[in-house]
Amino acid sequence: MLGQQILSGLATGSLYALTAIAVVVVFRNTRTINLAQGDFAMIGAFLGIVFLKDWGLNYYVTILLVVACCIVLGFGVERIIMRPIANSDWLTLFTTTIGIYYILHGVAGLFWGRDTKAFPLTFDPTPVDILGAVISQGHLYNMGWALAIGAVLYAFFNFTKQGVAMRALTDDPEAAYMMGIPVRFIVLLTWGLAGFIAGFVGILIAPIIYVSPEMMDEVLVKGYVAAVFGGLYSIQGAVIGALLIGVAENLAGGYIGSHVKTATAFVMIVVLLAFRPQGLIGIQKRREI
Amino acid sequence: MAQITQTNGLFQQDDSARDRLNAVNACKRRFLRQDVTATLIVFAALVLVPQLPFVKGWMLSQASLAIIFIIAALGISILVGYTGLVSVGHGGFLAIGAYTSALLTKYYAVDLVVGIIAATLVSAFFGALLALVFLRLSGAFMAIGTLGFAFFVGTVVNNVPIFEGRDGILLDDNVVLGMEIGDFGFYYVSIVTLAVMTLFVYCIVNSGTGRAFMALRDSENAAMSSGVNRLLYRTLAFSISAGITGSAGALNAHIVNYVSAEVFADIWFSVDILMAVVVGGPALLFGPYLGGIFVVMLPFFLEELADFAFIMKGVVLILVLRFAQQGVGEVMFRPIQNYRRRKLMEAGGAKVD
């Protein structure tokens, strides 16, 4: 029972983790709390249905196409909406992403309707047995993908020029600019990266929950809580936070009752922020005077 | 206040500096006056709404809803506009207000007025509590913290038996001072609440307390080193803001005599309130009026096209933030203000720049 709960908690947590990574990357490079992150994934899931069901494409081709579309969406959002207001204050950037949220919501409702749709199952629904814990193949599969994407991101941030430039931008935007890093391009790339992650999240989560314009709201909010849990500046922190939240809410759901499941994450974040306002492994940023 | 300016390569005392300062202050006063005038005009229009011949029952309840949103937006404007704190959790205070008043009127059969006052006080208490818990937060952390609070309240009302979860609490007809009131009566109760809250916000903002809030907003460190008690004023701002929003929640419970967790369980109520104040103009008295009416009326006009309403909302929000970051209200006053400023500057003998 315990192992079971922890394992399926890790599976959900790994999807929160991907969302949280995207949130952290966008936040630390652009100061933007991107509330539309979940909706990128939602659009991705709907596109996945279109490609798989209506066009009858292969699953892997679908993933490729969906991720490409989400990257383009990320680029577009940056170029058209975020770039003109890039130097505004924090609240302006935040509320602008609420605007994007509304627009994507409306667009999805307009094209694909408000009611929930089933996503064609892409894996064998029979559960597998691992060391006494039973887990559905979909969850297992998602964990595998999340690990792979995590590895790709790790490689990107450590071994490519763009990834290192992105980290430089995080550390000190002005110094990065002085060193000749093309800041605008890197910011564009950041949003593209958010789209890349969202595309995968959308396609991976779609078979588990039904597809609808509101499908990502809860995952997004949990992703946020995870990002803040880890301190909003640290990718590792976000991943740890996401896995902790996934496991904790599954345990609470299993041992206390399913009605407290959703609240667990928020109780955790409220308690954490009351005692550690900078997050779990966050850094206290120097105050500006 | 004398000021040295450079004219024709020579340093000389500028006598016009004081005049210029006076002119600027006069401009500020004028601006406040325009703000108040605009607010009064809209308020008068709202008072007259039920007298219009074509207004029927459900339109009246829509108008009541608009007033509720205006009150909630007034509450959040204390935080966002004047104190520089962000809350994405005011739906939580709305829920606290709604359930306080609903439970009191149902089980203790109290007057609606008592219900509203109790809702305000209880909500203000929770606001102060939340401020103390989130003592050291700011910016994005504050946003997520308050968001967590809203979700937490949503879960509590959904699961604790006394709140009756998604089944909701059905209330009796509204009673004010021993008389049963219909839709019209309720509308005027909302109007009176709005008037009281607007007056309260006006008085707070133009008092020493309001100046302390604004000092904290403009520079926390400067404010603190000038002796502004950060803890006290933050808690106060949160408490006032939550109280005002709580009264809106009480009205929201009585508008259809029904409260259910369905409404308060998700965060988009909170986001809509935040959006109203950002669109209208956070640091204006007039802003919440504009934003509240906008947020309620947009789905009202696009009823069959809910998705278009969503898209419109998003587009308007993005355009406002792109071209009018101080809100639509501020843009509306700008032409009058420019004219006034030019006139005052000329009258004061200062150069127009």
Side-chain angles (χ1 to χ4, degrees), chain A residues 27 31-33 35 81 84-85 88-96 98-111 113-114 213-214 217-218 221 224-225 227-229 231-232 257 259-274 276-279 282 287-289, chain B residues 80 84 86 88 130 132-156 158-160 165 219-222 225 265-268 271-272 274-275 278-279 282 305-323 325:
Chain A
F27 176 77
R31 296 176 297 123
T32 308
I33 287 279
L35 218 56
I81 299 170
I85 55 161
S88 314
D89 64 314
W90 175 87
L91 181 64
T92 305
L93 296 169
F94 171 63
T95 30
T96 302
I98 296 180
I100 301 169
Y101 168 89
Y102 279 133
I103 291 178
L104 291 180
H105 233 66
V107 166
L110 206 60
F111 282 120
R114 298 240 128 229
E214 288 88 25
D217 285 359
E218 198 177 321
V221 174
Y224 262 107
V225 169
V228 171
F229 206 91
L232 261 185
H259 55 274
V260 295
K261 195 171 171 184
T262 320
T264 316
F266 301 108
V267 175
M268 281 169 72
I269 194 70
V270 168
V271 170
L272 183 89
L273 286 182
R276 270 189 78 81
Q278 72 274 41
R287 278 200 194 161
E288 280 164 29
I289 298 178
Chain B
V80 177
V86 179
V88 201
L130 192 71
L132 290 177
V133 171
F134 290 154
L135 189 59
R136 292 182 292 174
L137 295 191
S138 61
F141 290 85
M142 191 72 161
I144 304 295
T146 49
L147 187 72
F149 164 73
F151 252 97
F152 182 66
V153 172
T155 319
V156 168
N158 213 349
N159 294 304
V160 175
S219 168
E220 209 161 69
N221 291 351
S225 55
D266 63 14
I267 55 164
W268 301 112
V271 172
D272 267 350
L274 181 64
M275 181 185 158
V278 167
V279 166
L305 302 161
D307 298 317
F308 272 119
F310 261 113
I311 297 176
M312 275 288 292
K313 241 187 204 175
V315 169
V316 168
L317 189 56
I318 288 172
L319 287 180
V320 166
L321 290 167
R322 171 88 169 78
F323 296 108
Q325 290 191 3

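Values reported hereafter were calculated over all heavy atoms of this structure, with side chains retained and with hydrogens, waters and symmetry mates removed.
- For B/Asp272, the salt bridge (charged side-chain N to carboxylate O under 4.0 Å, His left out) criterion is met by B/Lys313, not counting sequence neighbours.
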Report all side-chain donor-acceptor pairs from residues 139-146 of chain B shorter than 3.5 Å, counting only partners two or more places apart or in another chain.
residue  : atom : partner  : partner atom : Å
B/Thr146 : OG1  : B/Val88  : N            : 3.0
B/Thr146 : OG1  : B/Met142 : O            : 2.9
B/Thr146 : OG1  : B/Ala143 : O            : 2.9

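- Contact annotation for B/Ile311: both backbone and side-chain heavy atoms come within less than 4.5 Å of a heavy atom of chain A.
- If you measure heavy-atom distances from A/Val271 to chain B, you find no contacts under 4.5 Å at all.
- Heavy-atom distances place the side chain of B/Val86, and not its backbone, under 4.5 Å from chain A.
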A/Val270 vs B/Phe134, side chain to side chain contact (heavy atoms under 4.5 Å, CB included): CA-CA, chis, key distance, verdict: CA-CA 8 Å; A/Val270 168; B/Phe134 290 154; 4.1 Å; yes

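- Interatomic distance, CG of B/Leu147 versus OH of A/Tyr224, reported as 9.5 Å (0.5 Å rounding).
- Interface remark: of the candidates A/Val225, A/Leu93, A/Val221, A/Val221 forms the most heavy-atom pairs closer than 4.5 Å to chain B.
- Chain B forms the most heavy-atom pairs under 4.5 Å with one residue out of A/Phe27, A/Phe94, A/Tyr101, and that residue is A/Tyr101.
- Between A/Tyr102 and B/Val271, the closest side-chain pair of non-hydrogen atoms falls below 4.5 Å.
- Tested against B/Ile318 for a side chain to side chain contact (heavy atoms under 4.5 Å, CB included), the candidates A/Ile100, A/Ile98, A/Ile85, A/Thr95 yield a single pass: A/Ile100.
- Only the side chain of A/Ile33 comes within contact range of chain B, with heavy atoms under 4.5 Å apart.
- Heavy atoms closer than 4.5 Å to chain B are found in the side chain of A/Leu91, but not in its backbone.
- Only the side chain of A/Leu35 comes within contact range of chain B, with at least one heavy atom under 4.5 Å from a heavy atom of that chain.
- Within the 4.5 angstrom heavy-atom criterion, only side-chain atoms of B/Leu274, from C-beta onward, approach chain A.
- In this structure, the portions of B/Val133 lying under 4.5 Å from any heavy atom of chain A include both its backbone and its side chain.
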Go through it in stages, so that I can follow the logic: the residues are A/Ile269 and B/Phe152, the test is side chain to side chain contact (heavy atoms under 4.5 Å, CB included), and I'd like the CA-CA distance, side-chain angles, deciding distance and then a yes or no. CA-CA 11 Å; A/Ile269 194 70; B/Phe152 182 66; over 6 Å; no

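- Taking the six-membered ring for Trp and thresholds of 30 and 60 degrees, B/Phe151 and A/Phe266 have nearly parallel ring planes, at less than 30 degrees apart.
- Annotation: maximal heavy-atom pairing with chain B below 4.5 Å, among A/Thr92, A/Ile81, A/Val107, A/Leu104, occurs at A/Thr92.
- For B/Val320, no part lies under 4.5 angstrom from a heavy atom of chain A.
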